[in-house]
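Here the structure comes first, spelled out in structure tokens, and everything after it is commentary.
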Amino acid sequence: MTHSIHGRSVIVTGGSKGIGKGIADVFAQAGARVAILSRHGDEAELAAQSIGHGAFGLAADVTSPDALERAIQEVVKRQGGIDVLCANAGIFPATRLEDMTSSNWDHVMDTNLKGTFNSVKAALPYLKQSNQGRIVLTSSITGPVTGYPGWTHYGASKAGQLGFMRTAAIELAAYGITVNAVLPGNIVTEGLAEAGPDYEASMVASIPLRRLGVAADIGHAALYFASREAGYVTGQALIIDGGQVLPESLQALA
Ligand code: NAP
């Protein structure tokens, strides 16, 4: 599987930290040429340097089609094209529905859902030229499968990505491009450390495999979707959560 990604040109949005950095790292280790995009170009470049293997970072806010266009042009200039887009950038500010403003809603939707659309639109002309075009979206279990207080907007954005994916997969099949999604459960990221050990322990207790995920768990799933061997798989959502969505009740975890 990893052989077929060797030399491929890959973009990871939101790759400067967390899950995106893990995806970028797994692809780079497998021999792909990786470009990391995030709002802060210096942080994207730092992440790229720590990953090595020729990875590089660029500034691009996924809410800005112009910024994405500039970054995509730079990737094409350096790598000659684009084979894989990992549309991963996302935010998850928590606000209860009763306190949520229209602007809170728009901020999350603009980044997570419209940002997905913007990223796909910007990369599409080059993915069409690839003989192995792949789009991998980072959705979540929250929204498509589960709910969590404070995340009505977030859950809607993550479920929306799957609606987008299914029709995009049909339309882009004409170009041999596949569109799939990874749905992470609770993944250890820099942000989670701030939530403290009690939060982490409570999450672990709800997971049958009794550990949180790591970014590489998501990276390996994305790598599968991007591989030549997954060329007949499109429009699919893969949950990577240690079994977290499975228990019917707390007793089921005993
Ligand atoms: P994270 O650690 O906060 O990293 C988010 C990344 O996205 C950073 O690189 C950030 O860099 C970038 N970003 C944020 N807004 C952006 C924008 N407007 N344009 C471009 N880049 C932007 O988050 P994470 O936990 O890894 O989450 C990554 C994805 O996984 C998200 O889509 C999230 O919904 C999903 N997810 C995460 C978990 C989890 O447990 N962590 C679970 C399920 C799903 P800048 O700040 O420099 O822009």
Side-chain angles (χ1 to χ4, degrees), residues 5 8-30 32-92 107-130 133-140 157-158 161 164-165 168 177 179-182 184 187 189-191 215 218-219 222-223 225-226:
I5 209 69
R8 296 273 156 184
S9 173
V10 177
I11 290 181
V12 184
T13 70
S16 65
K17 56 186 172 180
I19 289 175
K21 187 176 176 194
I23 293 172
D25 188 48
V26 166
F27 276 82
Q29 301 291 338
R33 296 173 298 147
V34 177
I36 290 173
L37 273 49
S38 77
R39 286 169 300 185
H40 303 93
D42 50 344
E43 291 177 17
E45 181 53 29
L46 269 178
Q49 280 173 19
S50 77
I51 287 170
H53 298 274
F56 63 96
L58 294 171
D61 186 328
V62 296
T63 65
S64 163
D66 289 346
L68 277 168
E69 181 61 29
R70 282 193 296 278
I72 295 278
Q73 290 303 331
E74 182 63 22
V75 176
V76 170
K77 196 167 97 187
R78 293 205 206 184
Q79 305 200 145
I82 299 167
D83 301 301
V84 181
L85 169 69
C86 295
N88 166 83
I91 54 171
F92 30 87
H107 183 45
V108 168
M109 284 297 181
D110 284 351
T111 305
N112 296 1
L113 188 52
K114 195 167 182 194
T116 298
F117 162 76
N118 289 338
S119 303
V120 169
K121 281 287 283 184
L124 191 53
Y126 304 99
L127 292 168
K128 283 164 69 175
Q129 289 167 19
S130 169
R134 301 279 188 267
I135 297 170
V136 184
L137 311 180
T138 305
S139 174
S140 176
S157 73
K158 294 284 133 180
Q161 284 181 300
F164 170 86
M165 171 189 78
I177 299 171
V179 192
N180 293 288
V182 289
I187 308 302
T189 59
E190 295 89 332
I218 310 306
L223 183 65
F225 280 137

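No hydrogens, no waters, no symmetry mates; every other heavy atom, side chains included, goes into these values.
Side-chain atoms of Q73 and K77, non-hydrogen and from C-beta on, never get closer than 4.5 Å to each other. Residues I51 and K21 have side chains in contact (heavy-atom distance under 4.5 Å, counting atoms from C-beta outward). Considering only heavy atoms from C-beta on, V12 stays 4.5 Å or farther from L37 through its side chain. Between L124 and I177, the closest side-chain pair of non-hydrogen atoms falls below 4.5 Å. Between V10 and I82, every side-chain heavy-atom pair lies at or beyond the 4.5 Å cut-off. Side-chain contact between I187 and I19: present, with at least one pair of heavy atoms (C-beta onward) separated by less than 4.5 Å.
Closest of all the heavy-atom pairs between G219 and F27 is O-CE1, 4.3 Å. The minimum heavy-atom distance linking V62 with S119 is given by the pair CG1-OG, 3.6 Å. Shortest non-hydrogen contact noted between T138 and K158 is O-NZ, 2.9 Å. The shortest heavy-atom contact between S139 and P184 is O-CD, 3.3 Å. Among all heavy-atom pairs drawn from G52 and A28, the shortest one is O-CB, 4.5 Å. The two atoms that bring V75 and L58 nearest to each other are CG2-CD1, 3.7 Å, heavy atoms only.
From L68, atom CG reaches atom NZ of K121 across 12.5 Å, with rounding to the nearest 0.5 Å. Note that CD1 of I135 is 11.5 Å distant from CE of M165, once rounded to the nearest 0.5 Å. The structure places CD of E45 at 9.5 Å from CG of D42, a figure rounded to the nearest 0.5 Å.
Judged purely by atom type and a 3.5 angstrom limit, T13 uses its side chain to pair as donor or acceptor with the backbone of A89. Using modelled atom types, no side-chain atom of E190 and backbone atom of K17 make a donor-acceptor pair closer than 3.5 Å. S9 places no side-chain N or O within 3.5 Å of a backbone atom of R33 that could act as its donor or acceptor partner. Side chain of T111 to main chain of V108: no donor-acceptor pair is present (N/O by atom type, distance under 3.5 Å, no hydrogens or angles). Proximity of a side-chain donor or acceptor of Q161 to a complementary backbone N or O of L113 within less than 3.5 Å is not detected.
Using a 3.5 Å distance cut-off with no hydrogens or angles, the side chains of Y126 and Q79 do not pair a donor with an acceptor. Side chain to side chain, D66 and S64 fail the donor-acceptor criterion of an N or O pair below 3.5 Å.
Under the side-chain hydrogen bond (donor to acceptor under 3.5 Å, both in side chains) test applied with S157, the options N112, D110, T116 reduce to a single match, N112.
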Query - From CA spacing to verdict: salt bridge (Lys or Arg N to Asp or Glu O under 4.0 Å), R70, E74 - result: CA-CA 6 Å; R70 282 193 296 278; E74 182 63 22; over 6 Å; no
Query raised in the report: Which is it for S130 and R8 under the side chain to side chain contact (heavy atoms under 4.5 Å, CB included) test, yes or no, and what are the steps along the way?
Result: CA-CA 9 Å; S130 169; R8 296 273 156 184; 3.8 Å; yes
**Report entry** From CA spacing to verdict: side chain to side chain contact (heavy atoms under 4.5 Å, CB included), N88, I218
**Finding:** CA-CA 11 Å; N88 166 83; I218 310 306; over 6 Å; no
Query - Test side chain to side chain contact (heavy atoms under 4.5 Å, CB included) applied to V34 and I36, step by step - result: CA-CA 6 Å; V34 177; I36 290 173; 4.2 Å; yes
Query raised in the report: Where do V120 and L85 land on the side chain to side chain contact (heavy atoms under 4.5 Å, CB included) test, with the steps shown first?
Result: CA-CA 7 Å; V120 169; L85 169 69; 3.9 Å; yes
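Under a cutoff of 6.0 Å and an axis angle of 45°, R78 and F56 form a cation-pi pair.
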